[in-house]
Every structure is written in structure tokens, then in C-alpha cells.
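Report on the following structure.
Below, read A as the first sequence line, B as the second, and so on, with proteins coming before strands; counting in each chain starts at 1.
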Amino acid sequence: MRVSQLLVPTLREVPAEAEVISHQLLLRAGFIRKAAAGVYTFLPLAWRVIKKIEQIIREEMDRQGGQEILMPIIQPAELWQESGRWDVYGPELFRLKDRHGRDFCLGPTHEEIVTVLVRQEVSSYRQLPLLLYQIQNKYRDERRPRFGLLRGREFIMKDLYSFDRDEAGLDQSYQKMYEAYTRVFTRCGLKFRPVEADSGAIGGNDTHEFMVLAESGEALVVFCPDESCGYAANVERAATTVQDAGTREELPRPLEEVHTPGMHTVEQVTGFLGVDARRLIKTLLYQTEKGVVAALVRGDREVNEVKLQKVLDVLRLELADGATVERITGAVVGYAGPVGLQDVRLVADEEVMLLVNAVTGANRDDTHLINVNPGRDFVPHVVADIRQVRAGDPCPYCGAPLEETRGIEVGQIFKLGDKYSRVLGATYLDEHGQSRPMIMGCYGIGVTRTMAAAVEQNHDENGIIWPVSIAPFHVVVVPVNHKDERQFNLAEQVYRELLDNGVEVALDDRPERAGVKFKDADLIGYPLRITVGNQAVQTNELEVRYRATGETRMVPRERITGHVREYIALA
RNA sequence: CGGGAUGUGGCGCAGUUUGGCUAGCGCGCUUGCCUUGGGAGCAAGAGGCCGGGGGUUCAAAUCCCUCCAUCCCGACCA
């Protein structure tokens with residue numbers, strides 16, 4: 001490709017709207033342009049990258065027996081009503097009507113369509129397992145699209161759905177996808193980590209997220225530093241062993257009230273009373289659709305709202321406002337406690353139950369209770385793990401102190417079980433003529449998000465550094481002086497030779513000064529740059545520059561194609 | 001959805017407080033000269049219903065009302 005003919009509108013300055021580095025660089029390097037909030041046009045370079053990622057995904061899906069199909073973006077409301085998700089999905093679902101007033105939506109995911117397809121076309125155990133996938137645009141009307149391609153409203157996703165006879169079959173399909181995903185992200189040249197995750201509203205038991213490790217990631221991950229243990233989980237899901245606060249050996253003392261004027265934070269109370277935060281029981285009131293709930297965690301802990309939501313089995317969970325707190329506890333915010341609290345469900349974290357002679361709010365202004373003993377002074381309705389794990393907590397398997405990192409979720413694999421096959425009636429006849437629901441799994445990869453994640457992880461102050469496997473071109477050939485015919489002809493020869501040998505090469509034939517072309521080459525992130533200047537013409541040696549390291553090397557003219565091909569093959 | 005901010009040529013911005021006559025600057029773009037190994041220089045150009053609508057006024061980018069868009073923080077979602 002001749003750069004003079006290529007639509008790569010590079011920008012010298014960072015567009016004001018871009019905050020994260022992948023968004024800035026993809027705009028500046030001429031890969032993407034915004035059409036609306038969270039909706040982008042992919043220019044030629046971006047589209048080449050996307051096609052490469054898609055191709056890697058295709059090969060790995062096919063390797064595991066996946067069959068590619070293409071399902072519609074526009075889906076009839078009836079399907080979603082049948083699964084029950086038309087009402088549940090909420091405002092995230094892009095809804096529209098046709099000219100007859102019939103309801104449709106733009107697919108945010110395709111469980112309904114694919115399950116109904118399989119319901120109609122598959123009826124025998126002989127046809128299972130079946131792995132169907134597509135690479136398709138997806139639509140989610142995010143409340144707040146942000147970070148460029150990392151959280152858009154329209155995005156490209158690979159989604160595969162597995163249909164098995166039973167749980168054992170599902171386990172196998174799940175394992176295949178786990179391997180396939182590991183291969184996909186490895187081949188894309190990304191540093192990533194599969195982590196245990198929460199299954200959220202989709203439900204199901206097992207689920208893993210594949211996280212590309214990057215500071216800008218929205219997800220927080222904890223992991224065990226012991227490689228042989230290998231535990232890693234999204235903090236939403238992460239567990240840790242129950243820890244004693246050091247009060248266990250004490251003998252319970254009689255409950256006592258203390259005057260604590262103006263002390264309503266954990267720091268204030270611990271400072272005032274001269275006790276460890278671990279001795280406090282923090283009482284947080286939450287509003288849910290099932291009423292107000294009190295969540296108890298130790299003073300040094302935070303509530304994990306995802307865990308709490310799961311324990312309570314509620315759809316809505318938010319901290320109660322001050323007025324509600326006062327109504328329930330009879331005191332201003334800061335003095336809530338479990339003792340004598342009426343009309344709310346009490347959920348206590350496991351660690352709270354181990355405390356002896358704890359400190360809590362007294363449900364009265366400026367008053368706390370000391371020597372509170374769980375079981376004696378209050379009895380929670382539920383005891384569960386609702387605490388947020390943090391770095392330093394012991395690994396639940398081996399006890400080593402956990403570490404923290406941030407990640408971008410580029411893939412997630414789910415065991416769905418019979419959730420959709422039951423409601424949508426996707427059944428098959430087994431070898432005994434018995435009708436059974438198919439056992440399903442679903443597996444997604446955010447393709448456009450993966451492109452952005454690759455940039456987040458691979459860049460420097462000059463621009464993008466594409467992993468070779470997904471780079472838009474492998475190499476750019478740059479004649480230094482566009483008016484020097486000898487340079488230009490040599491560059492042209494090299495360009496053609498590389499083209500003829502199957503190398504993805506761009507020739508920067510623009511009548512620009514060398515500096516401009518070098519800057520653009522760095523910004524765009526071609527893995528290799530071949531510079532053709534005076535030296536090349538005179539000595540017949542070409543300068544090859546490696547984007548990843550910034551190193552250069554002189555390569556004899558006749559060896560250039562071999563050198564480039566070797567580099568690509570080894571990458 | 002709550003809070004905050006911003007909309008002026010392709011990009012980055014000034015001008016708005018205190019209304020005023022041809023709306024500016026840098027980059028980019030076009031043409032010419034010159035230059036040619038890290039975003040050169042000189043000269044001449046093209047390009048803007050100042051986000052939309054309504055109002056106030058002799059006069060609105062500037063003041064008022066309203067709508068829209070975009071970005072950030074939070075909440076939310078997977």
C-alpha cells in the first residue's frame with residue numbers, strides 16, 4: 001500500500017475528548033473517528049487490525065470445533081419476551097419499532113436467537129455437542145460510554161454458544177474455550193490473566209474473565225504470587241480466609257454504653273476510644289427492592305456489594321440515604337449498630353462473628369456500645385462472606401499474601417446450564433427417547449476492545465507499538481528524500497520485492513520531509529521501518545529500525561526480504 | 001440518573017466577565033520558491049450559519065430563556 005493513497009489522517013495534537021491513551025493514540029494515529037458517543041468508524045488501519053484479531057479468533061474457534069454463523073443485529077421483541085429479558089434488560093437495550101409499530105431491539109447478545117435456532121433445527125443427542133459462533137456488532141446503550149473503544153455502545157464481539165447433552169459435556173466445552181481464549185490472547189501478543197469472576201445477572205456457576213493487564217483497566221484483580229497455586233480472581237468475586245482480629249482469647253465482658261460526641265467515622269471512633277479498627281463492627285444500611293438491609297463488616301473492611309447482592313438475591317442495591325438511616329436507627333449517620341435494630345434484615349460478614357468485645361454504634365446520637373458480642377447481643381439473619389478482599393489478605397488456597405493488579409476484561413466464558421434452554425424450550429431426545437434440555441455455555445471476546453487493550457499495553461511516548469501478529473502492516477519503507485530518484489527507485493524496488501514475498505508492507509511515498517514520515521511511522525506503530533537514504537544508495541545496505549526497541553541495524557540489500565520475513569515469523 | 005465542565009474553520013485554543021463596526025492565533029490544507037535523516041523556512045491563498053431555536057437590543061460569539069451534543073466524576077450495567 002502506498003501511504004500517499006492511504007486514508008490515515010494523523011493528528012499532531014491530542015483531541016480534547018480523549019482521556020485514555022488508547023483512545024488518544026487511535027485517534028491521533030488515524031485509526032478511528034467518532035460518529036457519536038461510543039460509536040466509531042474504523043478507518044483502513046483499524047480495520048486491518050480488527051480483521052487480524054478476528055482471523056486469530058476464527059482459527060482458534062474452528063480448532064475447537066466451532067462453526068461460524070452470522071445472526072441478525074435486529075431482533076424481534078417476541079424472542080426477548082419469551083426469555084423474559086425484554087423487561088429485565090432495562091434501558092441498556094436499544095429498542096426500536098418498525099413501520100408497523102412492532103417492537104425490535106439491537107442485539108446486545110444473542111442467546112435468544114441462537115437458542116431458538118437450535119430449538120428448531122436440532123432434536124437429537126447425535127447432533128450434540130454443537131458449538132456455534134459469530135463475529136458481529138453488538139449494541140448496549142451504556143449510561144456512560146467512555147474510554148473510547150474500551151466502553152462503547154456499538155462494538156464488535158465474538159460470541160460462541162455451546163450446546164451439550166449434559167453437565168459433563170458442558171465442562172468439556174468450557175475447557176475447550178478456556179484453552180482457545182488462552183491461545184487467542186497469547187497469539188495477539190497480550191499480557192493477560194484468566195481470573196475467576198462473578199457471573200452477574202447471566203447466572204450460572206463457573207465463569208472466568210480474561211483480563212489484559214493494564215493500569216487503565218476498570219477491573220481490579222487479586223492474584224496469588226505463588227505460581228504453583230495460581231489463584232486469581234476479580235475482587236467482585238475474590239475470597240480470602242477468615243481472619244481473627246486478635247480478640248478471640250478475651251472473655252466476654254458486659255455490654256456498656258459510651259458517650260462519643262461527634263464521632264461517626266471509623267477513624268474518629270477508634271481514635272477516640274483508643275481501639276483497633278478491627279474491633280469495630282461497621283453497620284451499613286442498604287436500600288433494596290426487598291426493603292432496607294443492614295450489612296455488618298469489621299471496621300477495617302469494606303463491603304463487597306456484588307457479594308452482598310448475591311447473598312440477598314436482590315436486583316437493586318444502593319446505600320440508604322441519611323433520612324432512611326435516621327428513620328431506621330433513630331440516630332444520625334455514624335451511630336448505626338446491630339444491637340436492637342428493628343425491621344431490617346441483618347447480614348453479617350463471617351469475620352464479624354469471631355469478634356469478642358466489639359465496638360458498634362448504639363443507634364442513638366453520640367453514643368457507641370462497647371463489649372458487644374455477636375450471638376449474645378445480636379443475632380444476624382445471615383452470616384456470609386460479604387467483605388472486599390484486598391492486597392495482603394491471605395490466598396484462600398495457600399495462604400500467601402494476595403497481590404493486586406488492574407485489568408481490562410477482553411473475554412468472559414460462562415456456564416449457563418439450562419437457564420435459556422428451559423425457558424425457550426431447546427430440548428433434545430437422548431438415546432432412551434427422553435426429552436432433555438440442552439446444557440449451554442456462552443463465551444464472548446470483545447474484538448474492538450481487544451484492539452484498544454493492545455494499545456493500552458503496547459505504546460510509548462511516540463505512539464503505538466503493535467504486536468506483530470495484529471499490526472496493520474508489518475513494515476513501512478521510507479525513502480528519506482522524495483526528490484532523490486535513486487532513493488525513491490530503491491525504495492520502490494524494496495517495496496515491490498517485499499510485496500511479492502507476501503510481506504504486508506507500506507511505502508511512504510508522500511512528498512514529505514523525513515522527520516514527518518518518521519514521526520508518523522512511530523505514531524502508527526509499524527513493527528519495522530526500512531529507511532532508504534543516501535547511505536543505502538551508496539553502500540547498498542538498508543537501515544532497519546525495530547519499533548519495539550528503537551534499535552536499528554544495517555542489512556545488505558539482497559538480504560532484506562529474508563531478514564524481514566524472519567523477523568515476522570519469529571515474533 | 002445525580003454532580004461538574006465544554007461547544008468558535010480539519011485539530012488545539014483565544015475572544016464572552018465589561019455587547020460595538022472586517023472573529024483572531026498556532027497546527028493542518030492549497031499554490032510557488034527554498035529545504036531534505038526526527039513534525040524546516042519564506043510568500044500568497046482557501047476554509048467559520050461562533051452547537052440549534054427563541055428572546056432582549058440600534059447592535060449579540062458575548063446578555064436572557066430553552067433544547068441538543070460532547071467530555072469528566074459518581075451511581076448503574078456485564
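Among the protein residues, A/Val14 comes within range of the sugar-phosphate backbone only, with heavy atoms under 4.0 Å from sugar or phosphate atoms but none that close to a base. Within 4.0 Å of A/Leu27, counting heavy atoms only, lies no atom of the nucleic acid at all. Using a 4.0 Å heavy-atom distance criterion, A/Thr109 is classed as making no nucleic acid contact. Within 4.0 Å of A/Lys34, counting heavy atoms only, lie sugar-phosphate atoms of the nucleic acid but no base atom. In this structure, A/Ala16 reaches the sugar-phosphate backbone alone: every heavy-atom distance under 4.0 Å involves primed, P, OP1 or OP2 atoms, never a base. Residue A/Gln487 is out of contact with every strand shown, counting any heavy-atom pair closer than 4.0 Å. Counting any heavy atom pair closer than 4.0 Å across all strands shown, A/Arg449 reaches no nucleic acid atom. Using a 4.0 Å heavy-atom distance criterion, A/Asp520 is classed as a base contact. Within 4.0 Å of A/Glu236, counting heavy atoms only, lies at least one base atom of the nucleic acid.
Computed from coordinates, the A/Leu11 CG to B/rC27 P distance equals 16 Å when rounded to whole Å. In this entry the distance linking CD of A/Glu19 with P of B/rG74 reads 11 Å, nearest Å. Following rounding to the nearest Å, A/Leu319 (CG) and B/rC76 (C1') show an atom-to-atom distance of 14 Å.
Annotation: B/rU17 and B/rC64 have their C1' atoms spaced 16 Å apart (nearest Å). Rounded to whole Å, the P atom of B/rC27 lies 22 Å from the corresponding atom of B/rC34. Nucleotides B/rU6 and B/rG45, compared at atom C1', are 32 Å apart to the nearest Å. B/rG54 and B/rU16 have their P atoms separated by 26 Å, given to the nearest Å. B/rA75 and B/rC67 have their C1' atoms separated by 25 Å, given to the nearest Å. Atom name P, nucleotides B/rC50 and B/rG10: the rounded distance is 14 Å, in whole Å. On the P atoms, B/rA5 is 29 Å away from B/rC21, given to the nearest whole Å.
For A/Lys483, whose side chain is taken as the heavy atoms from C-beta onward, the closest listed nucleotide among B/rU36, B/rG37, B/rA78 is B/rU36. For A/Arg28, whose side chain is taken as the heavy atoms from C-beta onward, the closest listed nucleotide among B/rC11, B/rG39, B/rU36 is B/rG39. Residue A/Lys519 has its side chain nearest to B/rG39 when only B/rC73, B/rC77, B/rG39 are considered. Here the nucleotide nearest the side chain of A/Glu305, chosen from B/rG38, B/rG12, B/rC76, is B/rC76. The side chain of A/Arg146 lies closest to B/rC72, out of B/rC72, B/rG38, B/rC71. Between B/rG26, B/rU70, B/rG39, one nucleotide has an atom nearer to the side chain of A/Glu13 than all others, and that is B/rG26. Checking B/rA78, B/rG39, B/rG38 against the side-chain heavy atoms of A/Thr10 singles out B/rG39 as nearest. Listed candidates were B/rC29, B/rG39, B/rC11. Nearest to the side chain of A/Pro15 is B/rC11. Comparing B/rG39, B/rU36, B/rA78 by their closest approach to the side chain of A/Asn481 singles out B/rU36. Listed candidates were B/rG37, B/rG12, B/rU70. Nearest to the side chain of A/Ala36 is B/rU70.
Pairing for B/rG2 is with B/rC73, a Watson-Crick or G-U wobble pair whose two hydrogen-bonding atom distances lie under 3.5 Å. Base pairing analysis places B/rG26 opposite B/rC11; the two distances defining the Watson-Crick or G-U wobble pair are each below 3.5 Å. Pair assignment for B/rG41 gives B/rC33, based on Watson-Crick or G-U wobble hydrogen-bonding distances that are each under 3.5 Å.
Within 3.5 Å, no donor on the side chain of A/Arg33 pairs with an acceptor on the base of B/rG10, nor the reverse.
Side chain of A/Ser162 to main chain of A/Gly441: a donor-acceptor pair is present (N/O by atom type, distance under 3.5 Å, no hydrogens or angles).
The distance from the NZ atom of A/Lys138 to the OG1 atom of A/Thr448 is 10.5 Å, given to the nearest 0.5 Å.
In this structure, A/Arg48 forms a cation-pi arrangement with A/Phe473, its terminal cationic atom sitting closer than 6.0 Å to the ring centre and no more than 45° off the ring axis.
Checked by atom type, the side-chain pair A/Tyr567/A/His474 shows no donor-acceptor distance below 3.5 Å.
Taking side-chain N and O atoms only, A/Arg12 has no distance below 4.0 Å to OP1 or OP2 of B/rG39.
Between A/Trp466 and A/Phe31, the ring-plane angle classifies as tilted under the 30° and 60° cut-offs.
The distance between the ring centers of A/Tyr420 and A/Tyr161 does not fall below 6.0 angstrom.
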> Can you list the steps and then say if A/Arg557 with A/Glu497 is a salt bridge (Lys or Arg N to Asp or Glu O under 4.0 Å)?
Replying inline: CA-CA 11 Å; A/Arg557 163 72 186 86; A/Glu497 184 180 308; 3.0 Å; yes
